[in-house]
Amino acid sequence: MDYNFKDIERRWQQWWREQQTYRVEVDASRPKFYVLDMFPYPSGAGLHVGHPLGYIASDIYSRYKRLNGFNVLHPMGYDAFGLPAEQYAIQTGQHPAITTERNIARYREQLDKIGFCYDWNREIRTCDPDYYRWTQWAFVQMFESYFDTKLQKAQPIAALVQHLAQHGTNNLNAACTEPLCFSAADWNGWNEAQQQQTLLNYRLAYLADVMVNWCPALGTVLANDEVKEGLSVRGGHPVEQRKMRQWCLRISAYAERLLADLEPLEWSDSMKEMQRNWIGRSEGAEVQFEVEGMADKLTVFTTRPDTIFGVTFMVLAPESDLVDLVTTPEQKAAMDDYRTAARRKTERERMAESRRATGCFTGRYAINPFNQQRIPIWVSEYVLSGYGTGAIMAVPAHDSRDFVFAKTFNLPIIQTVIKPGEQPTDTATWTESYDSKDGIIINSPLIDGLNIKQAISQMCAEVEKRGIGRRQVNYRLRDAIFSRQRYWGEPFPIYYKDGLPYPIADNQLPLQLPSISSFKPTEQGEPPLARAEQWHTPEGHPYELSTMPGFAGSSAYYLRYMDPHNSQALVGAEANAYWQNVDLYIGGTEHAVGHLIYSRFWNKFLFDMGKVCQNEPFRRLVNQGMIQGRSNFVYRIKGTNTFVSNGLKDQHDVTPIHVDVNIVENDVLDTEAFRRWMPDYANAEFILEDGRYICGHAVEKMSKSMWNVVNPDDIVERYGADTLRMYEMFLGPLEQSKPWDTKGIDGVHKFLRKFWRLFHDAQNQLAISDEQPTPQELKTLHRTIKKVSDDIERFSFNTCVSAFMICANELTDLRCNKRAVLEPLTVLLSPYAPHIAEELWHLLGHNASVCDAKWPVANESLMADNTFTCAVSFNGKTRFTIELPLNTPANEVEQMVLNNEQTSKYTEGKQIKRIIVVPNKIVNVVVS
RNA sequence: GCCCUGGUGGUGGAAUGGUAGACACGCCGGACUUAAAAUCCUGUGGCCCUUGGGCCGUGCGGGUUCAAGUCCCGCCCGGGGUACCA
């Protein structure tokens, strides 16, 4: 009998539940620490071993912080609204709430087995009306707000109404959908409907006709981050562009703050960079061009005003309203054809031919304000209507897209920039444009000879001086489209009167999701909620039919955990003041530009409203890598039912077949299990090598179809939760993607058994001595304390596991069973292996949980040897080592090296030029 | 294309500019055992070599340095993000 993990784990999990060991409350006497995992979507497939990786890391850190005296908030919940449950409902008629409930129960069961220290009293589910009430509430708050661009913060819409009533749009600093211009008299003369319509132009949550990503297969609109390469992220269905009336969040108003506030966050560089790219700030100028024969001017946005003398044509986006205005009657027919064709293309088709230029001439010319050249105005889909002004000045010599277009349509190319130190060349011979921002301006009267940076700055000044434009900063970040034509999401707290939206009063929230008979869209193509009976206010005003997107419920969930049962507020002021924001957030990179941008925006809005005390939600972010699957293959000889072992497969014509990794151990196939695995293989024959069938292997995504899914329950069953936890950490650096490979888990399991044996004699009886530890033992102990503490602090969980192993090996060699050594080590181990630590802690005679112990402190003076191994190098090559007393002065080290008999071997016949002594480390002798 | 990352034994991976390969898996050999399991011990980057040892080694090519896996420059390859953003 020895380490009985099954018994231990069952017992202590139950005890923790009974004792409410992990319950936390606001406690002003202790410092707080908030550790958060990205909550999961409870899918039907359950957890595989990849999912808990981040949870284990955060659990270790939580426990570590708690042992260091922090009051740690470490909650868990479920992101429970979502497409899969709805799709399943459409197929089976099963209500998504039931599927979701079942999946959550399964998740909980799996999570519980791993021994996490979550405070389950704080569990939240985004589909719970008590929760989504606050999602709806936040939406109403946004509806009732606008963004003051001067103050750079959200303000109540009432302040805007007052301004409009007094001054109209004069001196108005409000982020808007499109710039409007009207007087106070206009405003005051409008009726309710006109005023409400106008306010939608300013609200932070607003309704507008926008181009959206429409996914016909899913029957819904998708956000930009839900689309990848023209296909929906969920399901991979084609997505097309369509103009629809949708709810939007004016997240673009926050672009500058979202960008600037990124700086001090402790996030990885790549994560910050992804956010910066997504926000996409670019500085440049808006410049007006006169159009021949028209009063209206054409405004373009450019980051390269220095190249304005190289403009040879202009381009409008096909969707731009200006196209109709500009196109001449002769060109109208051709233009209509072109625009229709462009509109019909899906995003994917446009991308597929991204390198080929398409376009249509409008028939009209603009005038270059700097040299009065006539320049043709074209329309092409490579210009986007949603960015800048939807129109560009094209400089084919210095922009690769313009270059391709000019080549295709045979338009002139004028060079205005040369590479430093080079001469201008004939642009007709060019095969690509010179886009670099390193160069000298030529052919440009005002700025010849300047470098690009100077030229840009000078041209901006010139444009402003002449009154034909101004400096301008643009962002790529678009407003978030917030409507989904689906059932399984938060209903909008909105009803319509005379076709205009109004919010539902606070005290009427939550507006609960009604039950409906079928989850499909209606025959008329309306969202599923159109099937709901009584889906209107008591006065008979209809409710909004779409629901909120997935990111709605996850945008403020971290706030709700602080105060999950508060019925008066999303989070009470007291709880918020104590918990502040998330100190450590762990999750995958896949949320880099979705959830993490939306949450930051949502939090900033609530901060502006004075509802939360922190400007940023997540102080420190750590991204765990993906755990990939390690697939195994068997090789069937073609046309037979005979399988040949990996090493011999080259001698036959074989088909590799994925085989369930659960019937393979260390790449050796359990041939009997294989015969039972599928009826087809019942009579399988094997060609073995060394009496075994060896499988091939490959690293692939962990998925059912690859037969490489490893279930954590199976691992827990076989090795215990503590082994699973330690092994997941031992696998490699947290942030790195790595394949799961069950072989190797033995090493960790052996360590835990070894650790157990330190406390027990050969008969598995507790055998702890109260003797004083020897200096050797103290050295091992204190080195381990130091190493483990440091490693947890810097998230090096894999090397930390190694430190435990080294420690156990050393103590086993020393036959150390002393309480003074083992007791602190048990505390040290408890974040990683809480069950065994709890067991040993109680065996040591404690009644309270090991969670409430104190983290030991390393005593540096007990750690050190009094000698060190000094490496002696000659010209950088280490030749031998010598033992020296610690802190030997450099000159003495030098002498000892010179006097050493081995030294002469390397210095014979050579001249010693220099000796470099690195204290307590190495000596390098430089010889000629 | 652009922006991030990473490239070290058979494998996962260690290594504040200072003895490359810690720790673990696997493998080889051994002990205990009737046997197995479990446990323990020894060896294990490559190439020479009789022992002592020698030479070569961190994707490739240069450089800085007494000293480079680590820093700099130029390539090659993998992973992630993003894509007509003017």
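Side chains are part of it too, since the values below use all heavy atoms of this structure and drop only hydrogens, waters and symmetry mates. Each chain gets a letter, A, B and so on, in the order its sequence line appears, and its residues count up from 1.
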Specify the separation, in whole Å, of atom [atom1] of [X] and atom [atom2] of [N].
X	N	atom1	atom2	result
A:F751	B:rA24	CZ	C1'	12 Å
A:D791	B:rA14	CG	C1'	11 Å
A:N277	B:rU5	CG	P	12 Å
A:E590	B:rG79	CD	P	18 Å
A:F730	B:rU11	CZ	C1'	12 Å
A:W278	B:rG81	CH2	C1'	10 Å
A:H591	B:rU82	NE2	P	13 Å

>> Side chain of A:S270 only, heavy atoms from C-beta on: which candidate in B:rA86, B:rA15, B:rC4 is closest?
In response: B:rC4
>> Of the listed nucleotides (B:rC84, B:rC3, B:rA15), which one gets closest to any side-chain atom of A:T799?
In response: B:rA15
Any side-chain donor near an acceptor of the partner, [X] and [Y], under 3.5 Å:
X	Y	answer
A:E883	A:T867	yes
A:N708	A:S631	yes
A:D399	A:S433	no
A:Y387	A:S282	yes
A:S400	A:D435	yes
A:Q628	A:S737	no

[N] to [M] separation - [atom1] atoms, rounded to the nearest Å:
N	M	atom1	value
B:rG46	B:rU82	C1'	42 Å
B:rG26	B:rG10	C1'	8 Å
B:rA22	B:rU16	P	15 Å
B:rG18	B:rG9	C1'	23 Å
B:rC71	B:rC66	C1'	16 Å
B:rU50	B:rG57	C1'	25 Å

Compare side-chain N and O positions of [X] against OP1 and OP2 of [N] and report whether any pair is under 4.0 Å apart.
X	N	value
A:S873	B:rC66	no
A:N798	B:rA14	yes
A:Y387	B:rA86	yes
A:N623	B:rG80	no
A:R914	B:rC66	yes
A:Q736	B:rG6	no
A:Y906	B:rG53	no

> Has the side chain of A:K921 got a donor or acceptor that lies under 3.5 Å from a partner of the other kind on the base of B:rU16?
Replying inline: yes
> Given that both distances must come in under 3.5 Å, which nucleotide forms a Watson-Crick or G-U wobble pair with B:rG6?
Replying inline: B:rC77
>> Let's test this: given Watson-Crick or G-U wobble pairing with both distances under 3.5 Å, identify the partner of B:rC23.
In response: B:rG12
Need one value for [X]: base, sugar-phosphate or nothing, where a base atom within 4.0 Å counts as base even if backbone is also close, heavy atoms only.
X	answer
A:T881	base
A:F880	nothing
A:N809	sugar-phosphate
A:D741	nothing
A:T878	sugar-phosphate
A:P733	sugar-phosphate
A:I916	base

> Is the A:F755-A:F804 ring centre distance short of 6.0 angstrom?
Replying inline: no
>> Before we go on, tell me: are the rings of A:F795 and A:F797 under 6.0 Å apart, centre to centre?
In response: yes
>> Go nucleotide by nucleotide along RNA chain B from the 5' end; which of A:G280 and A:S802 gets its closest nucleotide reached first?
In response: A:S802
> RNA chain B: A:I392 or A:D269, which has the more 5' nearest nucleotide?
Replying inline: A:D269
> Are A:D790 and A:R794 ion-paired here, with the side-chain N under 4.0 Å from a carboxylate O?
Replying inline: no
> For B:rG9, does the O4'-C1'-N9-C4 (purine) or O4'-C1'-N1-C2 (pyrimidine) torsion place it in syn, i.e. within 90° of 0, or in anti?
Replying inline: syn
> How would you label the glycosidic angle of B:rG52: syn (within 90° of 0) or anti?
Replying inline: syn
Within the sub-3.5 Å range, which N or O atoms of nucleotides 38-41 of chain B have a protein N or O partner, and how far apart are they?
| residue | atom | partner | partner atom | Å |
| --- | --- | --- | --- | --- |
| B:rA38 | O3' | A:R753 | NH2 | 3.3 |
| B:rU39 | OP1 | A:R753 | NH2 | 2.4 |

> Is it true that the NZ or CZ of A:R476 lies under 6.0 Å from the centre of A:W278's six-membered ring and within 45 degrees of the ring axis?
Replying inline: yes
